Amino acid sequence: MNYWLMKSEPTVFGIDDLARRPGKRDFWDGVRNYQARNSLREMKKGDLAFFYHSNADETGIAGIVKIVGEATPDPTAFDPKDHHYDPKSNPDKPAWYGVDVKFERKLKRVITLAELKSRRELKTMKLLQPGSRLSVMPVEKKHWDAILKL
DNA sequence: GCCAACGTTGGC
DNA sequence: GCCAACGTTGGC
């Protein structure tokens with residue numbers, strides 16, 4: 001079982017949008033970066049991911065989602081009307097993928113980026129490396145556990 | 001709104 | 001293959 005971190009802007013799609021429909025699955029689409037895409041394809045059913053709010057009033061980890069469906073081609077890449085449309089992508093050879101996620105729980109409070117940065121034990125997290133802008137990335141178990149203890 | 005860091009594109 | 005120009009991400 002692996003752990004992940006997935007970013008979204010809460011004004012577009014936040015943890016509350018998931019919390020509103022418990023038990024339902026949502027397709028995590030719109031990822032258009034190859035490294036992030038590769039992480040999506042490595043995800044297995046049952047993996048857990050932190051739901052991270054970027055560009056938010058409170059930037060940080062807001063909740064946890066469960067991966068309930070492994071990577072399948074992202075249909076928004078083929079839809080000219082979609083904001084994430086990729087004119088170069090070809091349905092016969094899909095470049096972009098998404099996974100199915102399900103709401104697991106909200107954290108009692110948002111664990112802010114500032115707090116994550118302040119923790120010595122989290123220094124080596126991928127999220128905190130300078131210039132790290134990936135919207136989907138792996139989280140080491142030791143970091144996952146440490147964060148849940150905050 | 002600003003801007004640094006990064007990814008992508010395209011000319012050569 | 002190099003690299004400048006441009007677009008995007010995301011913190012502040």
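A, B, ... follow the sequence lines: proteins, then strands. Residue 1 opens every chain. Quantities reported herein were computed from a predicted structural model and do not represent experimental measurements.
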Polar pair under 3.5 Å, donor/acceptor by atom type, side chain A:Arg133, base C:dT8: yes
task: Using atom CZ of A:Arg37 as one end and atom P of C:dT9 as the other, report the distance to the nearest whole Å.
output: 17 Å
task: Check every atom of B:dT9, B:dC6, C:dG11 against the side chain of A:Lys88 and return the nucleotide holding the closest atom.
output: B:dT9
query: What nucleotide among B:dT8, B:dG7, C:dC12 has an atom nearest to a side-chain atom of A:Gln35?
result: B:dG7
task: Please report the closest heavy-atom contact between A:Ile111 and A:Leu150, naming both atoms and the distance.
output: CG2-CD1, 3.8 Å
- request: To the nearest Å, give me how far apart CE (A:Met137) and C1' (B:dC6) are.
  value: 13 Å
Separation of C:dT9 P from A:Leu113 CG (nearest whole Å): 18 Å
Integer-rounded Å distance: C:dT8 C1' and A:Asp86 CG: 14 Å
message: Count I, L, V, M, F, W, Y as connected when their side-chain heavy atoms are under 4.5 Å apart, and connections chain through other members. Are A:Phe27 and A:Phe13 then in the same cluster?
response: no
task: Round to a whole Å and report the spacing from CD of A:Glu58 to P of C:dG10.
output: 18 Å
- prompt: Looking only at heavy atoms, what is the nearest atom pair of A:Arg105 and A:Ile15, with distance?
  reply: O-CD1, 4.4 Å
message: Counting only side-chain nitrogens and oxygens, does A:Tyr52 get under 4.0 Å of the OP1 or OP2 atom of C:dT9?
response: no
query: How long is the line joining CE of A:Met6 and C1' of C:dG10, in whole Å?
result: 18 Å
- prompt: So, A:Arg32 versus A:Thr76: side-chain donor-acceptor pair below 3.5 Å or not?
  reply: yes
- prompt: Atom CG of A:Asn33 to atom P of C:dT9: distance rounded to whole Å?
  reply: 9 Å
query: Considering heavy-atom distances to DNA chain B, does A:Asn55 or A:Tyr34 have its closest nucleotide positioned more toward the 5' end?
result: A:Asn55
message: Please verify the inter-ring angle class for A:Trp144 with A:Phe50; under 30° counts as parallel, over 60° as perpendicular, anything in between as tilted.
response: parallel
- prompt: Over how many whole Å does the gap from A:Lys117 atom NZ to C:dG10 atom C1' extend?
  reply: 10 Å
task: Ignoring backbone atoms, establish whether A:Lys7 has a side-chain N or O less than 4.0 Å from OP1 or OP2 of C:dG10.
output: yes
